[in-house]
Amino acid sequence: DVQLQASGGGLVQAGESLRLSCAISGLTKEDYTIGWFRQAPGKEREGVGCIDSHGDYTSYVDSMKGRFSISNDNANYTVYLQMASLKPEDTAVYYCAVDRTLEFSGYLPLCESGRMDWWGKGTQVTVSS
C-alpha cells in the first residue's frame with residue numbers, strides 16, 4: 001500500500017524560507033514521478049512542480065520557477081520542496097503526490113494533477129505579511 005506523508009509546514013513571515021518533506025513508503029517501482037501541488041483557501045489546486053524518481057530531472061509551473069526547488073533523497077525515499085522568499089499568497093495546503101509512470105516532454109517530467117495515482121494528506125503553510 002503506497003503512502004505519502006508531507007511534513008514541514010508552519011507559520012513563517014514573508015521573505016523567509018521553508019522546506020517541506022514528503023516521505024514515500026510502499027512503492028516498489030523504480031521509475032515514477034513525484035509532484036508537489038498546493039491549494040489555497042477558496043482556490044483550485046495548482047501544480048508546483050515534479051521530479052523523476054531518480055532525481056535527475058525536474059519541471060516547474062512557470063509561476064513557481066525561481067523561488068521553489070524540488071529535490072529527492074533516494075536512499076530515504078523522501079522528496080523535498082524548498083521554498084524561498086515566501087509571500088502571503090503562497091499560503092496554502094501543500095500536497096505531494098506520485099504518478100506511477102514517468103513520462104517526459106523533452107527533458108521535463110510530465111506533471112499534472114490528473115496523472116497522479118497517490119496523494120498525501122498535505123501540510124499547511126501560512127505566510128504572514
Side-chain angles (χ1 to χ4, degrees):
D1 190 25
V2 177
Q3 295 187 347
L4 294 85
Q5 180 64 55
S7 62
L11 174 63
V12 297
Q13 292 188 336
E16 293 184 342
S17 298
L18 198 63
R19 189 179 78 164
L20 306 183
S21 301
C22 176
I24 303 170
S25 61
L27 189 57
T28 58
K29 289 175 57 67
E30 291 189 359
D31 301 325
Y32 54 92
T33 308
I34 308 98
W36 282 97
F37 301 83
R38 70 183 188 182
Q39 187 166 19
K43 295 187 177 181
E44 293 186 355
R45 184 171 56 200
E46 63 177 343
V48 175
C50 284
I51 190 168
D52 73 289
S53 52
H54 305 283
D56 295 327
Y57 300 99
T58 53
S59 58
Y60 297 92
V61 173
D62 285 345
S63 60
M64 308 294 175
K65 291 179 181 178
R67 297 191 298 118
F68 292 80
S69 177
I70 299 173
S71 61
N72 66 356
D73 178 352
N74 288 335
N76 292 305
Y77 299 97
T78 301
V79 176
Y80 302 101
L81 175 62
Q82 180 71 48
M83 304 183 291
S85 302
L86 284 163
K87 305 174 182 179
E89 51 264 43
D90 294 319
T91 295
V93 178
Y94 284 73
Y95 299 89
C96 57
V98 167
D99 171 1
R100 71 179 72 203
T101 67
L102 177 57
E103 297 184 29
F104 292 87
S105 174
Y107 290 100
L108 303 176
L110 295 184
C111 187
E112 300 167 8
S113 60
R115 298 181 60 90
M116 300 296 149
D117 297 293
W118 298 284
W119 291 83
K121 289 187 177 181
T123 184
Q124 175 72 47
V125 173
T126 303
V127 184
S128 63
S129 57

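These figures come from a predicted structure and were not determined experimentally.
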Under a 4.5 Å cut-off applied to non-hydrogen side-chain atoms, are T126 and Q124 in contact? yes
Less than 4.5 Å apart, side chain to side chain, heavy atoms only: is that true for M83 and R38? no
Can you list the other members of the hydrophobic cluster that holds Y57, where links are side-chain heavy atoms under 4.5 angstrom apart? L102, F104, Y107
Is there any ring-ring contact (aromatic ring centres under 6.0 Å, His included) pair reaching into [range], and which pairs are they, with sequence neighbours excluded?
range: residues 13-44; answer: F37-W119
range: residues 2-23; answer: none
range: residues 78-101; answer: none

Partners of [X] by side chain to side chain contact (heavy atoms under 4.5 Å, CB included), sequence neighbours excluded?
X: K87; result: R67, E89, D90
X: D56; result: D52, H54
X: E112; result: R115

Contacts satisfying disulfide (SG to SG under 2.5 Å) that involve residues 82-129 (not counting sequence neighbours) are C22-C96, C50-C111
Strictly distance-based, threshold 3.5 Å: is any side-chain N or O of D99 a donor or acceptor partner for the main-chain N or O of T101? yes
For the CG atom of D1 and the OG atom of S25, what is their distance to the nearest 0.5 Å? 8.0 Å
What residues form a salt bridge (charged side-chain N to carboxylate O under 4.0 Å, His left out) with D117, not counting sequence neighbours? R100
Residues pairing under salt bridge (charged side-chain N to carboxylate O under 4.0 Å, His left out) where one sits in residues 21-31, two or more places apart or in two chains, turn out to be none
Applying side-chain hydrogen bond (donor to acceptor under 3.5 Å, both in side chains) to Q82 and not counting sequence neighbours gives none
Let me check something: any side-chain donor-acceptor pairs from residues 5-21 under 3.5 Å, sequence neighbours excluded? List them with distances.
unit_1	atom_1	unit_2	atom_2	d
E16	OE1	Q13	N	3.1

Do N76 and T78 pair up side chain to side chain, a donor and an acceptor below 3.5 Å, judged on atom types alone? no
